[in-house]
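Structure first, then comments.
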Amino acid sequence: MAVRTRFPPSPTGFLHIGGARTALFNWLYTRRHKGRMVLRIEDTDRERSTEESVQAIFEGLEWLTLDYDEGPYYQTRRMNRYAEVIRQLLDSGWAYRCYCTKEELEAMREQQRAEGIKTRYDGRCRERLQPEPGVDPVVRFKNPRDGCVVIDDLIRGRIVIGNNELDDLIIARSDGSPTYNLTVVVDDIDMEISHVIRGDDHINNTPRQINIIKALEAPLPVYAHVPMILGPDGKRMSKRHGAVSVTEYREQGFLPHAVLNYLARLGWSHGDDELFSVEQLVNLFDIDAVHRNPAVFDPEKLLWVNYEHIKAMPVGELKEHARFHFEKAGIDIDAQPHWREIIDVNRERSKTLVELVDRSRFFCQDVLDYDPEAMKKHVRGNAGDILLRLRDRFSELEPWAANAIHAQVHAVAGEFDVGLGKVAQPIRVAVTGAAVSPPIDETLAILGREKTVERLERLLEHLKTDPAQASATQPRGS
RNA sequence: GCUCCCUUCGUCUAGUGGUGAGGACGCCGGCCUCUCACGCCGGUAACAGGGGUUCGAAUCCCCUAGGGAGCGCCA
């Protein structure tokens, strides 16, 4: 059987992490089985659907590099088709008009709750012969009363639901517009969907949809219900759990393939393996290895996966992904002659691209002010003398390379009879404005002689004009 | 309330009748060390509970408990 899947978001918000995983599973399954995936925008809720959401979904999918083979189809453009099917169901006796008012239905549910039974429509309009004047009727599907529906779910196994648990659901509103359970069935049939892979919050809808498909005498797709992603509180992921919009992860400096890697491992595994490229995912993923139980989203582990991807990615590619973040920081990374070294030296200490940019900043931009804490801690005592000596040595150092710089730093430490920290830390403050950088010799080598000397001098100047700081001319302990 | 689904370390998971229950993230020690980070070594920590079946159950069955989802003229 040719595999045809679909990803059917409703454009009532951004593409969130749960939807992204559903899209991913569909995509992986489709690619793995050389099938075709269709994108379908389920926008029949005119009240809540927005064009911005449609764009956000496209953007999210594109960022994640999840492409599709057909579509996007819009349900709002298929209204005539739904009307036709509703007509057909009415004509064949599989559907009927219901004139119950909302008040009447609410009273019925109230009654049922009081009796402790499942709230559902009791089918009271099934036998109605005369229309109720002044009421625009809805159309209900006449669900079978006997027998049961069997779902052979690829993930859950066999699920059996008695028809007596189901009620006559509304397939057309009183304004004639179709509802979800009708449109999804019609579309899946028309688009010849072979595999329905969706969140398990849809399990309860599946038997109803199967009954409609049967009434339409169409072939049934294979179902696979994937477990939900839960927030740290064990509840279903939602807006209040923070960054759930996929594009938010881009903002925070995640690599799209790292997000995919992490998402795939939520509910799916391949032995003890943790890190996968997208290509490996496509080759290894299979739907029956997906678990039945829901998974809690762990931001810490996502960070780690991201870090591993940052380390493994070719530097040129990494630069392209980081460009967005460099630009936000006002840095033209392409203008940096040593961009390659800057990225390489920082990537292995950065869990996100935002952090990579932060750590790269001082290489690309002038140091304008000094962290007071760092000044207090490292630029004191004879630090000024040390910096002065360093400035002199560096000015004529040849060649300007990490090992030569290393030797000078050691030599100066020896001359002043201090530990390496007493030399390296003041340099860091001068060169970065704070107390953190890669190894000082590499850092200076990349920075270049000119900027190094310049920044040493600038800090020396700063010390002269700031009497609060320890001065180069004052002996220690005075 | 009713229906459906789920249940191995805090989290993600390996495990399909015989394991000292393994890995990963995190966390805690130690080593390394010019800061940060890495790396290395070590440690903490789980089969929800109760009944069966079996020579033997994390693995099979039942019950209980807990969690999740659904019960719309939303999708």
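Values below: all heavy atoms of this structure, side chains included; hydrogens, waters and symmetry mates excluded. Here is how names work: the chains are called A, B, and so on, in the same order as the sequence lines, proteins then strands, and each is numbered from 1.
Residue contacts for A:Ala295: at a heavy-atom cut-off of 4.0 Å it reaches the sugar-phosphate backbone alone, with no base atom in range. Nucleic acid contact for A:Gly267: sugar-phosphate only, since backbone atoms but no base atoms lie under 4.0 Å from a heavy atom of the residue. Here A:Ile440 lies in heavy-atom contact (under 4.0 Å) with a base. Counting any heavy atom pair closer than 4.0 Å across all strands shown, A:Asn346 reaches no nucleic acid atom. Heavy atoms of A:Pro439 sit under 4.0 angstrom from at least one base atom. Heavy atoms of A:Val138 sit under 4.0 angstrom from at least one base atom. Counting non-hydrogen atoms under 4.0 angstrom, A:Pro207 reaches nothing in the nucleic acid. At a threshold of 4.0 angstrom between heavy atoms, the contacts of A:Tyr121 with the nucleic acid are absent.
The side chain of A:Thr44 places an N or O atom within less than 4.0 Å of a non-bridging phosphate oxygen (OP1 or OP2) of B:A75. Phosphate contact (OP1/OP2 of B:A14, side-chain N/O of A:Ser269, threshold under 4.0 Å): present. A close approach under 4.0 Å does not occur between any side-chain nitrogen or oxygen of A:Arg198 and OP1 or OP2 of B:A75. Within the 4.0 Å cut-off from OP1 or OP2 of B:G72, at least one side-chain nitrogen or oxygen of A:Arg109 is found. The phosphate of B:C6 has neither OP1 nor OP2 within less than 4.0 Å of any side-chain N or O from A:His291. Contact check, A:Lys351 against B:G26: a side-chain N or O comes under 4.0 Å of OP1 or OP2.
Pairing for B:U16 is absent, with no Watson-Crick or G-U wobble pair whose two atom distances lie under 3.5 Å. Nucleotide B:A58: unpaired (no Watson-Crick or G-U wobble partner with both distances less than 3.5 Å). Pairing for B:A37 is absent, judged as Watson-Crick or G-U wobble with the two contacts each under 3.5 Å. In this structure, B:G42 and B:C28 make a Watson-Crick or G-U wobble pair, each of the two defining distances being under 3.5 angstrom. Base pairing of B:G1 is made with B:C71, judged by Watson-Crick or G-U wobble geometry with both donor-acceptor distances under 3.5 Å.
Here A:His202 does not pack flat against the base of B:G70, since the 5.5 angstrom centre distance and 30 degree tilt limits are not both met.
Between the CE atom of A:Met228 and the P atom of B:U7 there is a distance of 15 Å, rounded to whole Å. Rounded to an integer number of Å, the gap from A:Tyr180 OH to B:G70 C1' is 12 Å. Nucleotide B:C73 holds its P atom 13 Å from the CG atom of A:Asp168, rounded to whole Å. What separates CG of A:Asn204 from C1' of B:A75 is a distance of 14 Å, to the nearest Å. Here the P atom of nucleotide B:A75 and the CG atom of A:Asp43 are 10 Å apart, to the nearest Å. A:Ile212 places its CD1 atom 13 Å from the P atom of B:A75, with the value rounded to the nearest Å.
Salt-bridge annotation for A:Lys376 and A:Glu373: absent, with no side-chain N of the basic residue lying under 4.0 Å from a carboxylate O of the acidic one.
Relative orientation of the A:Trp400 and A:Phe394 rings is perpendicular, given thresholds of 30° and 60° on the angle between their planes. Ring geometry, A:Phe141 versus A:Trp94: the interplanar angle falls under 30°, so the pair is classed parallel (tilted spans 30 to 60°).
Out of B:A75, B:C12, B:C5, the shortest distance to the side chain of A:Asp200 is found at B:C5.
Side-chain N/O atoms of A:Asp272 and base N/O atoms of B:G22 include a donor-acceptor pair closer than 3.5 Å. Taking 3.5 Å as the limit, the base of B:C5 and the side chain of A:Arg292 contain no donor-acceptor pair of atoms between them. Between the side chain of A:Ser437 and the base of B:C36 there is no donor-acceptor pair of N/O atoms closer than 3.5 Å. For A:Arg156 and B:C6, a side-chain-to-base donor-acceptor distance below 3.5 Å is absent, hydrogens and geometry of angles not being considered. For A:Asp273 against B:A24, a side-chain-to-base donor-acceptor contact under 3.5 Å is absent. Within 3.5 Å, a donor on the side chain of A:Glu274 pairs with an acceptor on the base of B:G23, or the reverse.
With a 4.5 Å cut-off on side-chain heavy atoms, A:Gln209 and A:Val185 count as touching.
Atom CG of A:Asp288 has more than 12 heavy atoms from other residues, nucleotides or ligands within 6.0 Å.
Every residue was checked against the ring-ring contact (aromatic ring centres under 6.0 Å, His included) condition with A:Tyr68, not counting sequence neighbours, and none meets it.
B:C9 sits 29 Å from B:C2 when the P atoms are compared, rounded to a whole Å.
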